[in-house]
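Some notes on the structure that comes next.
Note that the structure is predicted; figures quoted are calculated from it, not measured. A note on names: the letters A, B, ... follow the listed sequences, proteins ahead of strands, and every chain is numbered from 1.
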Protein chains: 2
Amino acid sequence: MRISQLAERGGVPVATVKYYLREGLLPPGRATSATQAEYGDAHVERLALVRALLGPGGLTIARARTVLAVVDDDSLTVLDALATASAELPGPEADVEPDLAPALAHLERWGWLVDPATPALRHLAAALAALEAAGFEVTDAHADAYAEAARRMASVDVETVPDDSRGDAVRVAVVGTILLEPVIIALRRLAQQDASVRRFAASDAGEQATSRPQG
Amino acid sequence: MRISQLAERGGVPVATVKYYLREGLLPPGRATSATQAEYGDAHVERLALVRALLGPGGLTIARARTVLAVVDDDSLTVLDALATASAELPGPEADVEPDLAPALAHLERWGWLVDPATPALRHLAAALAALEAAGFEVTDAHADAYAEAARRMASVDVETVPDDSRGDAVRVAVVGTILLEPVIIALRRLAQQDASVRRFAASDAGEQATSRPQG
DNA sequence: AATATTGGAGAGCAGTACTATCCAGTTGTC
DNA sequence: GACAACTGGATAGTACTGCTCTCCAATATT
């Protein structure tokens, strides 16, 4: 398979495939001459993965490269792979260090064992700070309900990771961690709709509940 | 309060405040002359909200403007406001229409009442398609667990919305919908860490569990 | 032999969120 | 009442990102 066919099967322009090759997101094909290379089905799958990470996953080129390096590195343990993948996911990236105390207080209440250096902890702290700055008070009860929901999701996630092949485990863990996030966000919005229809439909104009809310 | 003081209290450069004014994210101050205007505490709070939406919320200027217009519009019902805010949140924005069937099948199984035109439905469908393209199979059991988690979170969210003041209700609903998303993502990653430490720490090198996983 | 395609590299482009410069009017200070 | 400092307002420029275009000689294809 040549580059134009790979591009066609992936549904992207040839120039974009070349760009991904240049950026190291796709491994080079098997060179058959100075200006020719052969690509296989593995490249097609990899291209689909790249598109998924960059699109729905919301990763930048640089972060995708790191995540893919983790997926490719057979020497990493599942734990290392998950940690690296988790660290490369988009987050607030604030230039000022957020106050970790509120986040740590929650974690202690829940008894969660986490690496104090993990970026997710900083992300949580920054997100809580942003809520406070916006005048939204997060009660312990609210946080606890969220923690329980997160625990359930994570539990299923971890159960889903196969334990027979380390390569597969890493791939599933990394891809699942990243690509299930938009699923969660979408599900929450849909659940909110359902819940708010049930709560507010009676007090608002009732017929808006099942038709388009805004014309 | 003049513009430089507003900027200082918000922790942003004056040029940025001017930019937000130009873009309609901040309402203009009360003009006291041709080249002078007075800003109040409301502007400080608004500036914090804008920063929260643009930073942790991940909204673009254009989407933030729409969301803020919803918050400001007292004529909207809570349902309309939530729907509009939900629609403006960042999503896949695919140029090709994803297959809605798998997503609709899940929703029907759960008995959720949602507007078929809502962007979140499309986001869910796109996310599921991306997972499939990346070779990650989402089982019904996995999806069901996620749905239950989403339902719990949404339930708390909706309960949190006050029912005495419509303006407050809209503000809390919109801000909560947007700014709690990074909280959920961070919590899930932390919960994953906790769960995978418990599962994999025994089979991997054990001492990595509570120290930094990657030097 | 003529035409098309390839890998590779560099430059260019569109969008986003600022940031810097300029300007005349206004203010506070001496 | 001189004069520097600041203001709102407008315009242009910047840094970064993810492509996309153009060019090239070498190779395939017809």
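Nucleic acid contact for B:R51: sugar-phosphate only, since backbone atoms but no base atoms lie under 4.0 Å from a heavy atom of the residue.
Counted by atom type alone, A:W110 and B:D194 present zero donor-acceptor pairs between their side chains at under 3.5 Å. With no hydrogens or angles considered, no side-chain donor-acceptor pair links B:Y146 and A:R188 at under 3.5 Å. In summary, the side chains of A:R46 and A:Y39 do not present any donor paired with an acceptor at a separation below 3.5 Å, with no hydrogens or angles considered. Under 3.5 Å, the side chains of B:H106 and B:D144 contain no donor-acceptor pair of N or O atoms. With no hydrogens or angles considered, no side-chain donor-acceptor pair links A:Q193 and B:S86 at under 3.5 Å.
Salt bridge B:R189/A:E181: present, at least one basic N to carboxylate O contact under 4.0 Å.
B:R65 CZ: more than 12 foreign heavy atoms inside a 6.0 Å radius. The number of heavy-atom neighbours closer than 6.0 Å to CD of B:E23, taken from other residues, nucleotides and ligands shown, is above 12.
Taking five base pairs at each end of the helix from C:dA1-D:dT30 to C:dC30-D:dG1, the local helix axes there meet at an angle of 10°, rounded to 10°.
Note that CD1 of A:I61 is 5.0 Å distant from CG of A:L25, once rounded to the nearest 0.5 Å. Atom CG in A:L6 sits 7.0 Å away from atom NE2 in A:H43 (nearest 0.5 Å).
Interface residues of residues 8-26 of chain A facing DNA chain C, ordered by number: A:K18, A:R22; criterion, heavy-atom separation under 4.0 Å.
Remark: P of C:dT6 and CD of A:E38 are 12 Å apart, rounded to the nearest angstrom. Between the CE atom of A:M1 and the P atom of C:dT5 there is a distance of 18 Å, given to the nearest Å. Taking atom CZ on A:R2 and atom C1' on C:dG8, their separation rounds to 17 Å, with Å as the unit. C:dG25 atom C1' lies 15 Å from atom CD1 of B:I3, rounded to whole Å.
Here the side chain of B:T60 pairs a donor or acceptor atom with the backbone of B:R63 at under 3.5 angstrom.
A residue-by-residue look at A:L59 and B:T35 shows that B:T35 has its nearest nucleotide of DNA chain D further toward the 5' end.
If you walk DNA chain D from 5' to 3' and mark each nucleotide with an atom closer than 4.0 Å to a heavy atom of chain A, the marks span D:dG18 to D:dT29.
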